[in-house]
K.L.:
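Shown below is the structure under consideration.
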Amino acid sequence: MGNGTGAPPDTAAPGADAVIDVRDLRMRYGSTDVLDGVSFTVSRGEVVTLLGPNGAGKTTTIEILEGFRMCSAGVVRVLGADPSRGDEHWRAQLGIVLQSWRDHGKWRVRDLLHHLGLYYVPYSTPSRRRPIPADELIDMVGLKEQSNQKISKLSGGQRRRLDVAIGIVGRPELLFLDEPTAGLDPHARREFHDLVHRLADLDDTTILLTTHDLHEAEKLADRILILAGGRIVADGSADQLARNVSNQAEVRWSREGEFYVHPTDDATAFVRELLAQHGDKIGDLEVRRASLEDTYMAMVHRIETGHDNGAVTTLERNPR
Amino acid sequence: MNPILYVARLGVGRGWHEFKIGLRGADETGFKLVFALSFALVLYFQRNATVEGTTQSLASVVLPSILGMMVVVGSALGGAGALSVEREDGTLLRAKAIPNGMIGYFAAKVTSVTLDTVIAVTLVLATGLIFVPELLSTGYAGWLALIGILGLGLLATLPWGAVIGSVVLSPQSAFGLTMLPIGAITAISGIFYPITALAGWVQGIAQVFPVYWLGHGTRWALLPDSAAAAEIGGSWRPLETAGVLAAWAVAGLLVAPPVLRTMARRESGSAIEARRHRAMQRVG
């Protein structure tokens with residue numbers, strides 16, 4: 001643990017820089033397993049996206065990590081502590097970006113940020129000054145012109161930036177964002193992505209965010225965890241996932257006016273063979289690798305239609 | 001500084017800020033003014049009637065009683081309303097996400113509900129005194145006793161408002177669950193007419209609840225001894241008043257913390273989302 005985290009170092013943790021360590025997490029409502037053995041780790045400074053279809057258990061997972069919800073079974077360590085027993089000192093190291101609805105509508109932006117920041121003053125250390133001063137924060141999230149405006153008068157995008165400002169006012173070691181861009185228009189969404197990139201560079205903040213949008217996950221994260229059917233079915237960077245989750249490619253060509261399509265696991269070998277056999281008769285050659293999107297959609301579809309829970313585990317992959 | 005004391009101070013500051021926001025808000029302040037004016041109207045019509053067996057005007061008996069009732073309405077309804085609304089809109093979850101935020105939140109609520117009640121009581125007292133000028137001759141001791149009774153009344157009722165606000169599913173049910181019982185209890189508690197006009201068993205029920213005792217306590221504080229003739233037993237019972245109110249306060253302060261803790265533990269983003277969904281359905 002670095003300076004400024006008061007939580008005692010946990011000798012059982014696998015690596016001193018694991019900010020989040022989840023092992024065999026299970027959550028059961030009645031007879032339904034929402035989470036069925038989720039395991040993953042997040043290291044200091046990483047930006048990790050938990051990607052999955054609606055209802056996959058992303059929110060449940062993140063709420064357990066935030067200490068807002070008890071799990072049914074499993075081992076969870078966040079900043080070295082069990083979230084369900086995290087004390088206020090532990091809480092002060094976390095930032096949680098909540099989606100505002102109409103809370104604090106009559107407060108002005110600057111007043112609220114200043115007030116909420118004061119709760120972090122006792123947790124300030126020389127290496128991590130807490131809180132971030134309200135004006136600095138307002139600059140950071142681009143709400144300078146709205147700083148004296150009533151919160152109820154903010155647009156959806158401005159409101160979401162205020163949510164982020166509230167989430168980081170205590171200069172957190174670890175920041176959680178649950179579906180942060182839900183309901184934002186494309187322009188506001190892009191601005192929001194820029195903001196998350198800036199946050200990741202700030203103070204080595206570790207970020208865990210959830211989304212059901214693959215493009216968002218690709219854009220924001222160092223690493224993507226795909227949660228489906230209550231498990232992590234894939235884990236890696238967008239590139240790694242596209243390459244390793246599926247090696248399937250489609251080869252298309254034409255020969256003597258006829259068109260052919262052939263799926264293969266080894267496109268290179270197939271094409272070499274094809275050309276050796278038919279030489280210049282081959283035209284319109286095209287090799288297309290399944291995109292991450294194809295793979296993701298296929299995976300989600302398979303799980304949602306209830307087919308084949310076993311097959312997804314074969315896709316599982318650990319980058320380290 | 002002690003961390004609990006530190007956030008409690010932040011909370012009081014927050015409560016003061018919210019109180020000022022409320023004062024600036026046309027809706028809230030307008031409501032208080034309408035409230036005060038409608039009571040003044042009641043007093044105006046009662047100014048010439050006298051209470052049977054005494055020389056007191058009915059208006060002079062009703063004004064202190066109303067002040068007592070307002071503490072119950074302000075703290076129970078105000079507390080339950082604020083808590084249920086702010087659970088629904090996510091204010092409480094925000095408090096939960098910051099270190100010791102819940103303590104700050106509750107300190108703020110106690111502060112703002114108290115200040116709101118004080119303002120509402122002051123407004124009604126000020127307009128009421130126009131029609132009941134004889135109460136202006138009340139001495140220091142009387143005003144001090146009034147403040148003491150109202151303070152004790154706040155302690156006796158505010159925790160129960162918080163309990164109701166914690167268990168209800170929506171602000172609408174918070175309103176129903178506080179307004180209906182308070183209305184029913186007020187009707188039998190001798191606020192708008194001496195309780196001795198009611199049947200004995202009804203008087204018995206009324207004396208279980210804080211509304212009657214708050215009214216009795218405020219009348220004891222402001223009215224002359226001769227007015228006691230219209231009270232149950234024909235005399236003032238300040239000790240019993242303090243006893244019953246203190247019992248409600250102690251019970252409330254014992255019940256409220258675990259209820260609040262349980263409620264706070266259950267707050268999460270998905271709980272807010274579910275409530276937002278329900279609220280949208282109510283509107284749509």
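Here is how names work: the chains are called A, B, and so on, in the same order as the sequence lines, proteins then strands, and each is numbered from 1. Remember, it's a predicted structure, so these values are computed and weren't measured experimentally.
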K.L.:
Heavy-atom pairs under 4.5 Å with chain A are the metric here; pick the option from B:R94, B:E273, B:E86 that has the most.
P.N.:
B:R94

K.L.:
Please identify, among A:I62, A:L98, A:I96, the residue contributing the most non-hydrogen atom pairs under 4.5 Å to chain B.
P.N.:
A:L98

K.L.:
Quick one: do A:R110 and A:D135 make a salt bridge, cutoff under 4.0 Å?
P.N.:
yes

K.L.:
Count the heavy-atom pairs under 4.5 Å between each of B:S270, B:G90, B:G269 and chain A, then report the option with the highest count.
P.N.:
B:S270

K.L.:
Within the supplied structure, the quantity of interest is the number of heavy atoms (other residues, nucleotides, ligands) at a distance under 6.0 Å from A:H193 NE2; does it exceed 12?
P.N.:
yes

K.L.:
For the side chain of B:K96 and the backbone of B:R265, is there at least one donor-acceptor N/O pair under 3.5 Å apart?
P.N.:
yes

K.L.:
Please rank A:T59, A:D87, A:V169, A:D111 by heavy-atom pairs under 4.5 Å with chain B and give me the top one.
P.N.:
A:D111

K.L.:
Taking B:S166's backbone N and O only, do any of them form a donor-acceptor pair with B:R87's side chain (distance below 3.5 Å, no angle check)?
P.N.:
yes

K.L.:
Is there a donor in the side chain of A:E179 and an acceptor in the side chain of A:T211, or the other way round, less than 3.5 Å apart?
P.N.:
no

K.L.:
Of the listed residues (A:L116, A:I166, A:L94), which shares the most heavy-atom pairs with chain B below a 4.5 Å separation?
P.N.:
A:I166

K.L.:
Salt-bridge test for A:D33 and A:R28: reply yes if a basic N is under 4.0 Å from a carboxylate O, no otherwise.
P.N.:
yes

K.L.:
Does any backbone or side-chain atom of B:L10 lie under 4.5 Å from a heavy atom of chain A? Answer side chain, backbone, both or neither.
P.N.:
both

K.L.:
If we define contacts as heavy-atom pairs under 4.5 Å, which of B:A264, B:G22, B:A97, B:P99 has the most with chain A?
P.N.:
B:P99

K.L.:
Could you look at B:E88 and say if it's the side chain, the backbone, both or neither that has a heavy atom under 4.5 Å from chain A?
P.N.:
both

